[in-house]
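Below: one structure, written as structure tokens.
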Amino acid sequence: MLSLVRSAIVLLYPRTDELPGAEDCGLDAFLERYREETTPLVWLGVVLGAVVFHLTPVFTVGVPLPAFALSPRLGDKHANAIAQTDSYVLRQAIFLLKLVAGLAWGQGAEVRARLGLSALPPDPDTWRTE
């Protein structure tokens, strides 16, 4: 399931000339840790969001392929369209996936530097023990 979530996040936060993509921000390590530390229900929501994302290009761009098989141009068009769908349930599933993607992307040191923000300090891992 991690690879399904990862591929959806990479399509939602692609590299651009100005900013690195989610795949450049330690995405694999972030997802492993997120899966370990989140509740099973939240992780299920993230996985379901990824499934929805990958199965809906036929409705958004008219191509009967999963999102991971789309060209970069069609993948970007699909990501934009599914995030703006009129279906509340679908939009919320994608929102949960984008929330996790944003957490992964936004903690990246290069992303923060390009946005004029200082790098985040290392996680002290103390919240569970205090």
task = Would you please name every residue forming a side-chain contact (heavy atoms from CB on, under 4.5 Å) with L120, sequence neighbours left out?
result = Q107, R112
key: Atom pair CD1 (I82) and CZ (R91), whose distance is rounded to the nearest 0.5 Å   = 10.5 Å
Nearest heavy atoms of [X] and [Y], plus distance in Å:
{"X": "F30", "Y": "A104", "answer": "CD2-CB, 3.4 Å"}
{"X": "L11", "Y": "P14", "answer": "O-CD, 3.6 Å"}
{"X": "A22", "Y": "L27", "answer": "O-CB, 3.5 Å"}
{"X": "A81", "Y": "T60", "answer": "CB-CB, 3.7 Å"}

Okay, side chain of [X], backbone of [Y]: is any donor-acceptor separation there less than 3.5 Å?
{"X": "T38", "Y": "R35", "result": "no"}
{"X": "R114", "Y": "E18", "result": "yes"}
{"X": "N80", "Y": "K77", "result": "no"}
{"X": "H78", "Y": "F53", "result": "yes"}
{"X": "W43", "Y": "E37", "result": "no"}
{"X": "S71", "Y": "L74", "result": "yes"}

message = I need the single residue from V42, V5, L31 that forms a side-chain contact (heavy atoms from CB on, under 4.5 Å) with V100. Which is it?
response = L31
query = L2, L48: one ILVMFWY side-chain cluster at the under-4.5 Å cut-off?
reply = no
ask   = Are V51 and F68 connected, step by step, through hydrophobic side chains (Ile, Leu, Val, Met, Phe, Trp, Tyr) whose heavy atoms are closer than 4.5 Å?
value = no
task = Taking atom OH of Y34 as the centre, report whether more than 12 heavy atoms of other residues, nucleotides or ligands fall under 6.0 Å from it.
result = yes
Any L19 side-chain heavy atom under 4.5 Å of L115 side chain = yes
key: Within-4.5 Å side-chain heavy-atom neighbours: R6 and D28   = yes
task = If a pair satisfies salt bridge (charged side-chain N to carboxylate O under 4.0 Å, His left out) and one of its residues is in residues 47-60, list it, with sequence neighbours excluded.
result = none
